Amino acid sequence: MSHVRVLQAHDSHLEDLITAFGKRHYFVRQLERQCAGHGKLLVAWTDFTTPAGAVYLWLAPAQEPELRAGLVGVPLLTDLEVRPAFRRQGIATRLVKEAESLAAARSHRLALGVSPDKSELHRFWRNRDYQPWRLWLETTRDIFQDDGTVDREIDYCHVLVKNLVSQPLEGVL
Ligand SMILES: CC(C)(COP(=O)(O)OP(=O)(O)OC[C@H]1O[C@@H](n2cnc3c(N)ncnc32)[C@H](O)[C@@H]1OP(=O)(O)O)[C@@H](O)C(=O)NCCC(=O)NCCS
């Protein structure tokens with residue numbers, strides 16, 4: 001794999017992100033949210049020039065009341081994506097690890113939602129120690145339109161949670 005570095009996105013990266021992923025309005029919105037202190041947009045760059053993957057760490061209160069009540073203060077890992085040409089090289093794993101270390105500074109857990117029907121994704125998360133917390137949670141998905149408006153669609157997901165604090169080993173002081 002070429003050299004990969006994960007960095008927090010900056011406003012000056014906007015055009016590079018749009019060229020790489022499209023999703024103009026999505027990135028504009030996430031950079032605004034980041035600027036307001038509501039989250040962190042992390043980008044994996046190959047050779048410092050090409051955005052290969054991204055993830056948004058949601059640090060604001062969750063939109064879903066069940067998450068706000070049941071996972072108080074727990075950051076959410078959202079919108080993990082690696083561009084097809086860069087998949088299966090460990091880039092998503094790098095992004096997730098970076099998000100986990102940022103989350104660990106604020107909470108002992110990290111949560112995310114996965115579509116119930118994506119068994120390969122469930123295996124991906126299970127292999128990274130994420131456990132089911134709530135099944136079939138009703139959630140809203142933001143659909144960013146070309147004119148900059150956002151439609152909200154009802155969706156269902158399985159919520160997974162990882163304990164970021166390593167458990168002390170029995171018998172070890
Ligand atoms: C899922 C995804 C982020 C993985 O990115 P990646 O950089 O290829 O992942 P890594 O190289 O770090 O790890 C490879 C893992 O992805 C799994 N994987 C490969 N293709 C996959 C796919 N289409 N769906 C789910 N998982 C997949 C592999 O089985 C492997 O898992 P393992 O290490 O536990 O065996 C990428 O396929 C993607 O962007 N998919 C579309 C968006 C998406 O589904 N995002 C997740 C939302 S929860």
Side-chain angles (χ1 to χ4, degrees), residues 1-9 13 16-27 29-30 33-34 38-60 62-64 66-67 70-71 74-104 107 109-144 150-164 166:
M1 179 177 50
S2 49
H3 184 71
V4 173
R5 211 165 158 214
V6 175
L7 298 172
Q8 189 172 330
H13 299 150
D16 285 338
L17 291 170
I18 293 164
T19 303
F21 294 95
K23 307 201 298 184
R24 170 177 293 276
H25 298 293
Y26 166 80
F27 284 111
R29 179 66 66 97
Q30 300 306 55
R33 284 180 169 142
Q34 176 175 265
H38 294 165
K40 290 187 189 295
L41 178 60
L42 302 178
V43 179
W45 297 80
T46 60
D47 301 320
F48 301 101
T49 54
T50 311
V55 68
Y56 182 76
L57 185 64
W58 185 284
L59 298 172
Q63 290 173 322
E64 297 77 7
E66 294 88 341
L67 297 185
L71 292 174
V74 175
L76 302 171
L77 189 147
T78 67
D79 303 328
L80 173 66
E81 180 180 351
V82 174
R83 291 167 61 200
F86 298 96
R87 287 181 188 169
R88 294 183 182 263
Q89 301 174 45
I91 292 177
T93 305
R94 287 278 308 277
L95 284 162
V96 170
K97 277 194 183 145
E98 194 64 35
E100 286 174 354
S101 10
L102 289 172
S107 169
R109 288 183 291 175
L110 178 59
L112 57 93
V114 189
S115 293
D117 56 349
K118 300 217 167 137
S119 58
E120 205 173 347
L121 267 182
H122 285 272
R123 195 166 56 248
F124 176 90
W125 291 116
R126 204 166 44 245
N127 288 348
R128 285 155 186 81
D129 299 322
Y130 286 77
Q131 308 290 333
W133 179 79
R134 178 76 49 85
L135 303 184
W136 299 104
L137 180 83
E138 186 176 305
T139 183
T140 50
R141 198 155 57 91
D142 288 349
I143 314 286
F144 292 85
V150 183
D151 291 339
R152 293 235 154 116
E153 262 186 12
I154 298 288
D155 204 0
Y156 289 87
C157 70
H158 290 349
V159 179
L160 312 179
V161 169
K162 177 170 180 173
N163 189 349
L164 300 172
S166 48

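Numbering of ligands and ligand atoms starts at 1, following listing order. The figures here come from the full heavy-atom set of this structure, side chains too, leaving out hydrogens, waters and symmetry mates. Source: prediction; values computed, not measured.
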Would [X] count as a polar contact of ligand 1, with the cut-off being nitrogen or oxygen pairs under 3.5 Å?
X: Val82; result: yes
X: Phe124; result: no
X: Ala92; result: yes

Problem set entry | Closest non-hydrogen atom pair, Leu77 against Trp125 |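 For Leu77 versus Trp125, the nearest heavy atoms are CD2-CH2, 3.8 Å.
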Problem set entry | Closest contact, heavy atoms only, Ile91 versus Ala52 |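 In terms of heavy atoms, the two residues are closest at CD1-CB, 3.9 Å.
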Relative to the heavy atoms of [X], which atoms of ligand 1 are at a distance of less than 4.0 Å?
X: Asn127; value: 32 (P), 34 (O), 35 (O)
X: Gln89; value: 11 (O)
X: Trp125; value: 48 (S)
X: Thr93; value: 10 (P), 12 (O), 13 (O)

Any idea which protein heavy atom is nearest [atom], and the distance to it?
atom: atom 44 (O) of ligand 1; answer: Leu121 CD1, 3.6 Å
atom: atom 8 (O) of ligand 1; answer: Arg88 N, 2.6 Å
atom: atom 11 (O) of ligand 1; answer: Gly90 N, 2.7 Å

For the backbone of [Y] and the side chain of [X], can you confirm whether one donor and one acceptor N or O come within less than 3.5 Å of each other?
X: Arg94; Y: Ala44; result: no
X: Lys40; Y: Gln8; result: no
X: His122; Y: Ser115; result: yes

Counting heavy atoms only, name the option from [options] that's nearest to [atom].
atom: atom 45 (N) of ligand 1; options: Leu112, Leu80, Val114, Asp79; value: Leu80
atom: atom 18 (N) of ligand 1; options: Glu120, Arg94, Lys118; value: Glu120
atom: atom 41 (C) of ligand 1; options: Arg87, Arg128, Arg123; value: Arg87

Exercise. Between Arg128 and Glu100, does at least one N-O distance fall below 4.0 Å, as a salt bridge requires?
Worked result: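 No salt bridge links Arg128 with Glu100.
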Exercise. Between His38 and Tyr56, is a side chain to side chain contact (heavy atoms under 4.5 Å, CB included) present by the stated rule, with each step listed?
Worked result: CA-CA 10 Å; His38 294 165; Tyr56 182 76; 4.3 Å; yes
For this session: Check the angle between the aromatic planes of Phe21 and Phe27 and answer parallel, tilted or perpendicular using the 30° and 60° thresholds.
Result: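 Tilted, since the angle between the ring planes falls between 30° and 60°.
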For this session: Could you tell me the separation between the CG atom of Leu41 and the CD atom of Gln34, rounded to the nearest 0.5 Å?
Result: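 So the CG of Leu41 and the CD of Gln34 are separated by 5.5 Å.
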